[in-house]
K.L.:
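I have a structure I would like to understand better, so I am pasting it below and will then ask my questions one at a time.
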There are 2 protein chains.
Amino acid sequence: MLPSSTVENYLKALYQAEATLGEKALVPMGQLATAVRVAPGTATTMIKALAESGLVKYEPYLGVRLSPAGTKLAALVLRRHRLVEQFLVEVMGMSWAEVHEDAEQLEHVVSDRLIERMDAMLGHPSVDPHGDPIPTADGDVESHQYDSLLTCRLRTPVKMIRVADQDASFLRFLEEHNLKPGQSIEVELRDPAADSVQLRTGDDHRITIGTKAASKLLIEVV
Amino acid sequence: MLPSSTVENYLKALYQAEATLGEKALVPMGQLATAVRVAPGTATTMIKALAESGLVKYEPYLGVRLSPAGTKLAALVLRRHRLVEQFLVEVMGMSWAEVHEDAEQLEHVVSDRLIERMDAMLGHPSVDPHGDPIPTADGDVESHQYDSLLTCRLRTPVKMIRVADQDASFLRFLEEHNLKPGQSIEVELRDPAADSVQLRTGDDHRITIGTKAASKLLIEVV
DNA sequence: TCCTATATTTTGAGTTGTCAAAATGAAACT
DNA sequence: AGTTTCATTTTGACAACTCAAAATATAGGA
């Protein structure tokens, strides 16, 4: 029984929620319902069905967690999503700000044959345009823990690795200021009162962004 | 109200049935049901709904015909299908025998933005890998009437234009014998008793095929 | 015309995924 | 402990799509 697009979306949402909530945590129903954009009761119904088929572990009133089988399936959906995004940017010349919506649809229909063809054309990339890691065909992911521009040391050169947000207008903003994976950056100042973070980019531009935005830009010390 | 994949498939099937049945003919329910692979009663139900929303004209017990609105919608589905096929062959290097299934899925989810990007990358092609014409973004198609290898004059050089069949194994057979659009061919002999047609191709190979196969190879006198 | 074969439609039912709103459980604050 | 608050689950209903099988219409032949 291959999973419907709907099921794939639930699994993907759980996978991503677990990634930010931490491994062992249960994902609360409300959060899941919000993520897949359905009413709370709908999520409950769906999750009970998924628990029935062994893709998740469901603890009534507490939350859900992916089973090993569910985790693998979710990783494969994410693999398709991210390879498609990389393909749309690298091969089709689209902007990284506009590929998410298309990938969201395509991830459910691209065949194995097609996805492996894309993978080969792209030279088996390890990350997508946003720096998100691409799971292997077996569902394995290399997961690192990165600091963000909110938590890294001041006045220390770092390199941008990943953007933890898919919002198109945010990505367009980043693109305009050349804030994409690979860019070198230094945090000059953080002002908690102003809720702001001042940056200097490798190409010597200065930008001030909010702390919430800063927390979404993941980096590595060079 | 944008049409579901299911509706798009019904419209597409009607469009193609009308193309082979002739313009004014009504498509019988049984034929439609077979084409979309559902039980006869299912097709009746669906068609009544489509008639309700003005996409088809339904004559109980006689058959269905696309309305102008339905025709346009169907042509756009076909445009997406054929551009995707051309893309899979030209850009992704897939065989023309294996692109149909993938295109069948992708045609329902590729966005306008993406399909126009493909169209541009391909240089606005007028036909797909099988020689089928690609409708414009307005839903206009250039439709020619071609002779086939079954009906053309004997011992007269002709050029292959189009294959009127998407069956993967048939296409693989054609590929093996270099029988694709553009190839020049001569019919040497037709043997009604043996139900066969003998060909000589431009690269000087001889092949004998059945009349049914021959009728699917559309040609033009050079 | 009558009868039969075939195509089509109707009926009753099932599946998947969804919602709104009522009911209930858990937690939190006096 | 009692009560309010919030999240979660239950309930009843609906929309889209499907089928099998019964009922009916049409067309063709005797």
K.L.:
Can you tell me how far C1' of D:dA7 sits from CG of A:Leu26, to the nearest Å?
P.N.:
15 Å

K.L.:
Between A:Ile47 (CD1) and C:dT16 (C1'), how many Å, whole number?
P.N.:
15 Å

K.L.:
Nearest-Å distance, CG (A:Leu32) to P (D:dT8)?
P.N.:
10 Å

K.L.:
Does A:Tyr61 have any side-chain contact (heavy atoms from CB on, under 4.5 Å) partners at least two apart in sequence or in another chain, and if so, which?
P.N.:
none

K.L.:
Tell me which pairs pass ring-ring contact (aromatic ring centres under 6.0 Å, His included) where either residue lies in residues 94-141 of chain B, with sequence neighbours left out.
P.N.:
B:His81-B:His100, B:Trp96-B:His130

K.L.:
Under 3.5 Å, side-chain donor or acceptor atoms of residues 43-56 of chain A against the rest of the protein: list the pairs with distances, not counting sequence neighbours.
P.N.:
from    : atom 1 : to      : atom 2 : distance (Å)
A:Thr44 : OG1    : A:Pro40 : O      : 3.4
A:Thr45 : OG1    : A:Gly41 : O      : 2.9
A:Ser53 : OG     : A:Ala49 : O      : 3.3
A:Ser53 : OG     : A:Leu50 : O      : 3.2

K.L.:
Taking the side chain from A:Arg190 and the backbone from A:Leu149, do they hold a donor-acceptor pair closer than 3.5 Å?
P.N.:
yes

K.L.:
For A:Arg153, which residues count as a side chain to side chain donor-acceptor pair (under 3.5 Å) partner, sequence neighbours excluded?
P.N.:
none

K.L.:
Report the residues that fulfil side chain to side chain donor-acceptor pair (under 3.5 Å) with B:Arg79, sequence neighbours left out, ordered by chain and then residue number.
P.N.:
B:Glu116, B:Asp119

K.L.:
What pairs with A:Ala19 under side-chain contact (heavy atoms from CB on, under 4.5 Å), at least two apart in sequence or on another chain?
P.N.:
none

K.L.:
What pairs with A:Leu122 under side-chain contact (heavy atoms from CB on, under 4.5 Å), at least two apart in sequence or on another chain?
P.N.:
A:Leu83, A:Gln86, A:Phe87, A:Glu90, A:Val91, A:Pro125

K.L.:
Return the minimal non-hydrogen interatomic distance between A:Arg80 and A:Glu107, and the atom names on each side.
P.N.:
NE-O, 2.6 Å

K.L.:
List for me each residue that meets side chain to side chain donor-acceptor pair (under 3.5 Å) alongside A:Asp140, sequence neighbours excluded, and say none if there are none.
P.N.:
none

K.L.:
Mind calculating the distance between CE (A:Met29) and P (D:dT10) to the nearest angstrom?
P.N.:
10 Å

K.L.:
For A:Phe170, enumerate each residue passing the ring-ring contact (aromatic ring centres under 6.0 Å, His included) test, keeping only those at least two apart in sequence or located in another chain.
P.N.:
none

K.L.:
May I have the distance from B:Leu50 (atom CG) to D:dA16 (atom P), rounded to whole angstrom?
P.N.:
12 Å

K.L.:
For nucleotides 17-26 of chain D, read 5' to 3', which letter fits each nucleotide if B means a protein heavy atom sits under 4.0 Å from the base, S means only the sugar-phosphate is that close, and - means neither?
P.N.:
SSB-----S-

K.L.:
Extract from the structure each pairing of a protein N or O with an N or O of nucleotides 13-15 of chain D at less than 3.5 Å, listing the distance.
P.N.:
none

K.L.:
Is there a residue in residues 100-112 of chain B whose heavy atoms reach under 4.0 Å of DNA chain D, and which residues are they?
P.N.:
none

K.L.:
Looking at B:Lys48, I'd like to know whether one of its side-chain N or O atoms comes within less than 4.0 Å of OP1 or OP2 on C:dT9.
P.N.:
no

